[in-house]
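Heads up, the thing below is written out as structure tokens.
Counting starts at 1 for both ligands and their atoms, in listed order.
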Amino acid sequence: MVQDNHIKKNINDELVLRKAEEAACRRFQATKWLREMDRFAMEVLPSKEPSEEEFCLALRNGLILCNVLNRVNLGAVSKVVECPVFTVESTDGAAQSAIQYFENMRNFLVAVGEMKLLTFEASDLEKVMLPSSHHLNIGGELENGGSSSKVVDCILCLKGYHEWKQSGGIGIWKYGGIVKITSSNKCIPPSILGRETVAGSSQETCSPYDECHDDHLRLLSESALEESGIGGALGSLFDRFGLKLLRDYLTDLEMSQLLPLNGMMVDIVTNQAVEQFYRQLESQSCQLGLMLKRALRGDKETSSKAEFLEAISGFLDRQSYARSDCSRSSNYVERLDLQQHQIDEIKLCFHDVKVQVRQIESKWEEEVSELGHHIQGLEFAASSYHKVLEENRLLYNQVQDLKEQVYADTQPLIRSVLDGYNVCVFAYGQTGSGKTYTMTGPDLSMEETWGVNYRALKDLFKISRERRDAIRYEVSVQMIEIYNEQNGLNIPDASLVSVRCTQDVFDLMRIGLANRAVGATALNVHSSRSHSVLTVHVQGKDLVSGSTLRGCLHLVDLAGSERVNKSEAVGERLKEAQYINKSLSALGDVIFALAQKSSHIPYRNSKLTQVLQDALGGQAKTLMFVHINPDVHATGETISTLKFAERVASIELGAAHANKETGELRELKEEVAKLKSALERKETEMEQLKVENMQYKALEVRKTGLVSPLQSHTTTITLKSEVSRRSIDGARNNEMRTSSSGKQRRFQIPPGSTEDDRKLPLRQDTFMNSRKLRSPSPPVRVPLSTDQGTHIKNKCKPTSTSIDATSVLPTNENTRRCWDLPEKFHMRPENPKKVHPEHEEENQQNVIRRDRLYNKTKPNQQLLPLKSHKPELTLTCRVVNLEPQNEEKTSHALRGFFESPRCSTSRLNKVQGNSVRMSYNKSRDAMQRVESLSAGKHENKPPNAAMRDRKEGVADLRRSRSLPRGKFINMP
Ligand SMILES: Nc1ncnc2c1ncn2[C@@H]1O[C@H](COP(=O)(O)OP(=O)(O)OP(=O)(O)O)[C@@H](O)[C@H]1O
């Protein structure tokens, strides 16, 4: 206890001393500042550290304070009472001093109060002046209560205010921590007081330490304020810190909800919070100081700065360790648990990840092995691809070479045509295999892509030009299309058109090809639905020898065979396919028969084989392109096509023959022509004299009853127009029989001849439309029969006496206009079969001579020159050695036949064959014999052979005189 008291006394002494020192220090600062601010203060105030009394005495009259205040805040004290300075020892000036005191001090205090600065009371100065002894209690506070500290505070506050103003007056100036608010420590929130100080703070309330703390805070604030350089920064820092402090204070303060929110209350609360903070700070600083002092005093009297810093560091370390240790120990278990938990979770995650990694690893290995296989496959495919590429390149080059080669096979044949041979080039193969591509070519605008047709024609004209000095050639062209077993002419208006140059042919071919029936199937979008036959006739005259030669070139683009389930043909396409397949099958039969050297070749089974008869079995050179489709799905068709080709290749018909006519032959032919003209003249004559002759004959029979055996009679039987019309209709319904040579047959179908005829050929506008649209539906074609053609031809004859030809027939001019054929194309002229009466006798002589020469007619043999199918179907018969009763029988039989409704050509032939020999047919036989002669073959052909030929169909389908039988050349 005694020791404690002793310690307390020591502490008290130290505090008093320190306080005295601090008060003196503050007073010195206040004095110093007053002197700086006021000249009068320099004179009055003591030079060095004045005592408290001296200080207060100098300030007593208020003159210094008022002057200083006016300097800090101009005009703050409006009236300052000036007076001489009295020393402390002067007694006379007491009264005046009292006046000044009251006047100036009051003005000063009022002004300071208005400025809301710290202030003091006048009695504070009075108390300092009292001579009573000072007694300090344990807290170090003056017991009599007199003190200059408030005066000093006021002056220092003024000083702070002045400096704040000088630094720009930014923000709200507040004198830090000087306001003293009386409050109990109970209100101090624990967060501010801190743990260490809370325990002792209640006992220390209103203890002498408070004053010490106040002084200490004052000193701190003063020193802080004097740091003018960093004043602004510190101020803002303090504001932030202070605001935080205030927030915490208000949060913890229970009474905060009841506080009125006015400016004064804010000031009070703020000051209180700051004061509490400083108290805590002060408390800690005191403890720190004591502890440090004790530490220093323990061993040595003096300590170096380094030792002092070491002691501070050690203290701070201990403090921080204690704090961290405390917090660490409190959270250690939780943290440990947490960490353990986290470790467990991490372990689980790690396990999962490990499993996943293993799965991915195995999957990756599988993928890698698959990739390896895939790469191997790719490598193999790549090597195969390169091989295929190389193969393709080779094949491509081969194809290119073949494209030369394809025509190279054809080229020699073109020369043969101009040498008088008949040549047939045709393309065979399944649908879509490239027949049209080969024969026509994909693009006609470039010569490189021309097909065989165009190249052949170009060469033909080229060679003919080269030979023009030796041979003069005439070329004519015919295009036939066989659609659904019906023949049609692709070049309208004329079956045979004379051409002069390649371009003419090309133009005609374009017209003809545009009219070709084309339809879309599943196998070919531009499938040809008809067989196309382009025939080029060449007639050359040797300018030296006068001999003539005739060649004929057939260029045939067949329609392709197709399996209807593959071509998906239905409706019209199906019907077309059936016709196509049928005709190709007929072609196969003919080839088979030829290969077998069969006695009967079934040419008549289809239009196609009829048209190609001379090319297949005649003495022609024939080249067949066999097309196959490389598609694997077409293997079946490919095999059958190749079998067909094999069979074709096995046919041997001997060497081909050229159609060359020597001078003798030509003479004979001219004679034949004359005979023909005489025959026609006779017909005309008979027409004119028919009634007269009938009457004459009847009269003679009635008169004599007998005819001289050597007398020749000419009987003309005129059939009624009804019969002739029926005959024409019957002929129209017959199949068309066409000649591959086309020379003798001219399919002149003048539109507008008759109502029916007008429908037969296609109009030009139809052609043009079909050419543009490439309609899948082919243009409608009407079968054109030979008989019909003959009928029309006969109608065209201006010599006809029974029909006014000019009234029904268009002129050539009209026809061209109708079909819009270029002017340059002209039909080959008809034979000028003019009939002159003066030649009648001569012609008759010719007939007899011809009969003798070729038919070896016996004197008693009947000879009936017959010309059928005339418009009026005039039948002219010449009866030799005919008994009257026989003649009547014959006439009767013929009349009965023609009047019969079933009259047909075949019937006619039958009748002819059974009863009489027709002179016309005799003439034909003669002509055939002439042809045979020209070919050097069948020279001694017996009459029955000629008859057999006729039965075989020669009569129906006239064989071209320009097409002798020849070799069927086997082409690979
Ligand atoms: N050698 C080839 N090179 C390129 N394309 C070709 C060849 N041959 C044919 N083609 C093409 O194949 C398709 C069918 O050819 P194309 O019309 O000539 O066959 P097709 O035998 O005439 O058929 P269809 O008998 O049905 O008339 C066409 O598109 C044609 O261009």
**Message:** Suppose we screen for side-chain hydrogen bond (donor to acceptor under 3.5 Å, both in side chains). Which residues come up paired with R415, at least two apart in sequence or across chains?
**Reply:** none
**G560: numbered ligand 1 atoms lying under 4.0 Å from its heavy atoms** = 25 (O)
**Prompt:** Is A559 close to ligand 1, meaning an N/O of one under 3.5 Å from an N/O of the other?
**Reply:** no
**Electrostatic pair K621-D419, nearest N-O below 4.0 angstrom** = no
**Complete:** Counting heavy atoms under 4.0 Å, the part of T436 that contacts ligand 1 is both
**Message:** Would G432 count as a contact residue for ligand 1, given that I'm defining contact as a non-hydrogen atom of the residue lying under 4.0 Å from a ligand atom?
**Reply:** yes
**Prompt:** Which of the atoms of ligand 1 are close to S527, meaning less than 4.0 Å from one of its heavy atoms?
**Reply:** 24 (P), 26 (O), 27 (O)
**Item:** Passing option when Y473 is tested against R468, R467, Q539, R500 for side chain to side chain donor-acceptor pair (under 3.5 Å)
**Value:** R467
**Item:** Atoms of ligand 1 close to K435 [distance to a heavy atom under 4.0 angstrom, numbered from 1]
**Value:** 18 (O), 19 (O), 20 (P), 21 (O), 22 (O), 23 (O), 24 (P), 25 (O)
**Prompt:** Distance-only, no hydrogens or angles: does the T438 side chain make a donor-acceptor pair with backbone N or O of G434 under 3.5 Å?
**Reply:** yes
**Item:** Any G429 heavy atom less than 4.0 Å to ligand 1
**Value:** no
**Message:** Assess the residue pair Q486 and Y579 against the criterion (side-chain hydrogen bond (donor to acceptor under 3.5 Å, both in side chains)); give the C-alpha distance rounded to whole Å, side-chain angles, the decisive distance to 0.1 Å, and a yes or no.
**Reply:** CA-CA 10 Å; Q486 302 164 3; Y579 275 113; over 6 Å; no
**Asked** Do F625 and F426 have their ring centres less than 6.0 Å from each other?
**Response** no
**Request:** Examine S433 against ligand 1 and note whether any of their N/O atoms are separated by less than 3.5 Å.
**Result:** yes
**Request:** Would you check whether L558 has a nitrogen or oxygen atom less than 3.5 angstrom from a nitrogen or oxygen atom of ligand 1?
**Result:** no
**Prompt:** Does any donor atom in the side chain of S528 or T436 lie under 3.5 Å from an acceptor atom in the other side chain?
**Reply:** yes
**Prompt:** Looking only at heavy atoms of Q430, does any of them come nearer than 4.0 Å to an atom of ligand 1?
**Reply:** yes
